[in-house]
Structures are given as structure tokens and as C-alpha cells.
Amino acid sequence: PHIYGKTDADAVFGLIYAQCEDDFPRVERNYVWAIGRLAEVEGEDQIYSDLRARLFMTQAEAKANYNKSPEWLKELCDAWANGINYYLHTHPEVKPMLLTKFEPWMPMYFSEGSIGGDIERVSTRRIKAFYESDMSLALNEEGHSLVLDHFEDEPKGSNGIAISGDLTESGDAMLLINPHTSFYFRGEVHVVSEEGLNAYGAVTWGQFFVYQGFNEKTGWMHTSTYTDVIDEFKETIKEEGGKMTYKYGDEWRPVEKSEVTLKYKAGEVVKEKTFPMYHTHHGPITHKIGDQWTATALMWEPVKALEQSYIRSKQDGLEGFDNMMDIKTNSSNNTVYADAGGNIAYYHGNFIPRRD
């Protein structure tokens, strides 16, 4: 599809509408998964995927992130929700599996354009063992989220090749974008607005930014990275008088405890399970290592991540692209870059130690 809009919000409205025309089931499922409601349509096996989503962000937190977003980003999120809802309004023959109305806070859950993203590296088996049985799994039972326990026989990921204008006959830089995804994993689009958007490339179903592609001046693509962007913290916990605290330095801090009730499909009926959720300032408690509760810290800044993903598509040169990358919320990817000035660049995923 080629989408044209007067404003960026108009373009986002048309972009998501066109995605729904092409493959509404994938758009919907990505959000059912992201917001933590997959068990309602796929059964109890998915309830720990849902719990994982809620451990890292509740619906109230998603709404709060939307409310604190800059006005231009709110307008894009509003246009996104309006575009999907208008598609459903004008296509009554389309029957959603679950989501009959899309809300503008939902993109806060799905700011990561790569396959799965960082959250997929948090084991649902470990979450189940902890929250269902208060037990730990041996590391050899379930790979550690911080360690690749083996290398694939056939490595997975993507290839990006950038050739400087200094090395080409034309003097123009060249960029090869080769994402290793299943054939229907992303849509291909051209989206234009009168506010400076003119991007062509791949969109992950349900997102309102060109994830990898090019505009008139710059091109960018992402390769998967397995660099360390996740931290785990073994917590020392004590319980006194019905209150739980954890040790941080020389102080004891309260463990935050909340509850979440998740629905799941069981045959033709929908049932519910209620879980506690524990958090320290490091992040949610996701599992045990030995007998120690362990918190997992992801880089979870949805507003900044959405800002970066959208701003990326409107850059016109290396300086602006550098400034955009300095937002530093592109944690699960490396980025390969080329531009019309003949420049090329390679960006590691964030937070790589600087070495000689």
C-alpha cells in the first residue's frame, strides 16, 4: 500500500487501516499477546505469557505512559486507534478474536519492532515455577535469560550490508536490507505526509512506524543482537509482621505486592486465576535462582521507544540519525545505516562497553 496524508496522524490512520485490510488477524494477535490477554483466546498454556506482560507493565501504567507522552505522539496513538476502530466499523463481516475496540494506550505495550524483543528472553517456565509453586528451575532445565546456552546449527538473525560512497562507482552509498523473518511477518509499505514523512519499508503488523527501510535521504536496517541488555538481581528477602522487605545496600526496602486476575479459555468457557505480583526497584520478581527471589530488569521505556522508532523514519542525514540513536531505546538490535551523502554507519545495540 501507498498511503498519503496531510499530517503524520492522517498517515498513521491510513497506514494502520491498510494493515488491517491486508491482515487484521496478525494485527490483533500481536496486541492480544502484547497487552497480556493471549490466554483468553489460546487457552491456559498462555497464561504465563500474559502474566509476564503484566509484570512489566499494568494497564494503568500503560495509560499513564500514554498520558505523559508528548502531544505529537499522543496524536499518532489516537490516529492509530481510530484507524483500526474505523476499519472494524466499516467491515462488520470481520469478527475479532477478542479486541472489539482498540485504545490509544495499547502501543505502549508494543514499541519493539523486532521479533519478540527483549521480553521474550524472560522465561515463562521460570515465571510459572515461581508464581505457581514457589520453586526454582535448575539452569540446565531452562536456559538462563542472560546466557545463550548453545549456538544454533543455523544462526538466526538478519544481515545488513552498507557500502560507502567512497567505494562505489556512482559515489552513492549502497544498503542491503535482509531481515530474516517468516514470509508474512511484516508488511511492506510506502507512507507519506505533508509534515516531512516519506518512508518506504517494513512495518511489523500493528505498528505505526516503518521499522526498517529508507526515506529520500537515509536508509536503516536492524540485525538481532544478543548483547547484554538484561540484568538479574538476586534479592535478599525477609518477612516480619506480614510485611516483606529486601536488602539494598545497608537498608531494607518494602517489596511491592499487587494482584492481577487473568482470564483464560477452557473449552467453551472462560475461567480466571489470580496471581500476586512482586516488584523491587530493580524490576518484577520473575523466578528463583536457588532459594533466592530474582528480579529481572529490562530497558522498559515505552514512550521513548515509540518516539525513537518514529523519529528514525524522518531523518535526513548522519547528524540527525546520531541524535535519534542517542535516545537509546533500541536495545534488541544493531543498526546498519547509509545516506544520500555517501555516509555509512554501524550502531551496536545500546550499552556496549567501550574498549580499546
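Note that the structure is predicted; figures quoted are calculated from it, not measured.
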Short question: side chain of Q308, backbone of I327 - any donor-acceptor pair under 3.5 Å? no
F102 backbone acceptor or donor facing N85 side chain under 3.5 Å: yes
Under 3.5 Å, is there a donor-acceptor pair between the side chain of W205 and the main chain of F185? yes
Quiz question: by atom type and distance under 3.5 Å, do the side chains of T335 and N330 form a donor-acceptor pair? yes
Checking side-chain polar atoms at under 3.5 Å, does D8 have a donor or acceptor matched by the opposite partner on S193? yes
Member of Y347, Y346, F214 meeting the ring-ring contact (aromatic ring centres under 6.0 Å, His included) criterion with F321: Y347
Quick one: sort the H222 and Y211 rings into parallel, tilted or perpendicular, breaks at 30° and 60°. tilted
For the atom pair NZ (K217) and CG (N198), what is the distance rounded to the nearest 0.5 Å? 11.5 Å
Is there a donor-acceptor pair closer than 3.5 Å between any side-chain N or O of E195 and the backbone N or O of K6? no
Ring-plane angle category for F13 and Y86, please: parallel below 30°, perpendicular beyond 60°, tilted otherwise. tilted
So, the side chain of K95 versus the backbone of P92: is there a donor-acceptor pair under 3.5 Å, distance only? yes
Quick one: does any side-chain atom of S133 pair with a main-chain N or O of M135 as donor and acceptor, under 3.5 Å? no
Report the distance from atom CG of L306 to atom OG of S111, rounding to the nearest 0.5 Å. 5.0 Å
Pairing donors with acceptors under 3.5 angstrom, does anything connect the side chains of Y184 and D22? no
Taking the side chain from W300 and the backbone from I119, do they hold a donor-acceptor pair closer than 3.5 Å? no
Determine the sole option in R37, R29, K265 for which the salt bridge (Lys or Arg N to Asp or Glu O under 4.0 Å) test with E42 is passed. R29
Of all the heavy-atom pairs spanning A297 and H282, show the shortest one and how long it is. CB-O, 3.2 Å
Mind listing the closest non-hydrogen atom pair of A162 and L175 along with its distance? CB-CD1, 4.1 Å
If you count every heavy atom of other residues, nucleotides or ligands that lies below 6.0 Å from E216 atom CD, does the total exceed 12? no
List the steps and the verdict of side chain to side chain contact (heavy atoms under 4.5 Å, CB included) for K63 and T58. CA-CA 9 Å; K63 290 177 179 177; T58 64; over 6 Å; no
Only pairs under 3.5 Å count here: list side-chain donor-acceptor contacts from residues 237-248, not counting sequence neighbours, and write none if there are none.
residue	atom	partner	partner atom	Å
Y246	OH	H281	N	3.1
Y246	OH	H281	ND1	2.8
K247	NZ	G249	O	2.7

Residue pair P96 / L88: nearest heavy atoms and the distance that separates them: CG-CD2, 3.9 Å
In terms of side-chain heavy atoms, does E21 have a donor or acceptor partner in H91 at a distance below 3.5 Å? no
R126 with E232: basic N within carboxylate O range, under 4.0 Å: no
Would you say that I285 contacts E235 through its side chain, given a criterion of any heavy-atom pair below 4.5 Å between the two side chains? yes
Show the nearest heavy-atom pair for residues D339 and A173, with the distance to one decimal. O-CB, 3.7 Å
As an exercise, state the distance from CG of D50 to CG of L262, rounded to the nearest 0.5 Å. 6.0 Å
Which atoms form the tightest heavy-atom contact between L15 and Q207, and what is the distance? CD2-O, 4.3 Å
Does either side chain, that of Y4 or that of E194, offer a donor lying less than 3.5 Å from an acceptor on the other one? no
Quick one: does S69's side chain have a donor or acceptor within less than 3.5 Å of a partner on L73's backbone? no
Flag if over 12 foreign heavy atoms under 6.0 Å of NZ, K273: yes
Take V191 and F208 through the side chain to side chain contact (heavy atoms under 4.5 Å, CB included) test and state the conclusion after the steps. CA-CA 10 Å; V191 57; F208 56 74; over 6 Å; no
Going by the rule side chain to side chain contact (heavy atoms under 4.5 Å, CB included), which residues pair with A62 if we only count those two or more places apart in sequence or in a different chain? M57, W105, M108, Y109
Evaluate L99 against I35 for side chain to side chain contact (heavy atoms under 4.5 Å, CB included), listing each step before the verdict. CA-CA 11 Å; L99 301 176; I35 68 176; 4.1 Å; yes
Rounded to the nearest 0.5 Å, how far apart are CD1 of I344 and CG of D166? 8.5 Å
With side chain to side chain contact (heavy atoms under 4.5 Å, CB included) as the test, pick out the partner of T286 among L298, V122, T124. V122
Is the F275 to Y131 ring centre distance short of 6.0 Å? no
With distance as the sole criterion, is a donor-acceptor pair present between the side chains of E132 and Y48 under 3.5 Å? yes
With under 30° as parallel and over 60° as perpendicular, where do the rings of H2 and Y200 fit, or are they tilted in between? tilted
Find the distance between NZ (K288) and CG (D134) and round it off to the nearest 0.5 Å. 3.5 Å
Are there more than 12 heavy atoms of other residues, nucleotides or ligands under 6.0 Å from atom CD of E319? no
State plainly whether one hydrophobic cluster holds both V94 and M106, where clusters connect Ile, Leu, Val, Met, Phe, Trp and Tyr through side-chain heavy atoms under 4.5 angstrom apart. yes
In this structure, is the centre-to-centre distance between the rings of F130 and W293 below 6.0 Å? yes
Just by modelled atom types, is the G320 backbone N or O under 3.5 Å from a matching donor or acceptor in the N323 side chain? no
So do the side chains of E40 and Q46 get within less than 4.5 Å of each other, counting heavy atoms only? no
Closer than 4.0 angstrom, basic N to acidic O: yes or no for E251 and R253? yes
Any side-chain heavy-atom pair of E28 and F24 under 4.5 Å: yes
Other residues, nucleotides, ligands: >12 heavy atoms within 6.0 Å of M174 CE: no
Above 12 or not: heavy atoms from other molecules or residues under 6.0 Å from CD of E169? no
Of all the heavy-atom pairs spanning M299 and T329, show the shortest one and how long it is. CE-CA, 3.3 Å
Please check if atom CG in D291 has more than 12 non-hydrogen atoms from other residues, nucleotides or ligands closer than 6.0 Å. no
More than 12 foreign heavy atoms under 6.0 Å from NZ of K74: is that the case here? yes
Pairwise distance CG(N334) to OG1(T223) - rounded to 0.5 angstrom: 4.0 Å
In this structure, would I177 and I163 fall into the same cluster of hydrophobic residues linked by side-chain contacts under 4.5 Å? no
Is a side-chain N or O of R312 found less than 3.5 angstrom from the main chain of M324, in a donor-acceptor match? no
Determine whether the side chains of E259 and T274 contain a donor N or O and an acceptor N or O closer than 3.5 Å. no
Can a side-chain donor-acceptor contact be found between Y337 and D322 if the only test is distance below 3.5 angstrom? no
Charged N to carboxylate O below 4.0 Å: is that the case for E44 and K263? no
Please check if the distance between the ring centroids of F209 and Y310 is under 6.0 Å. no
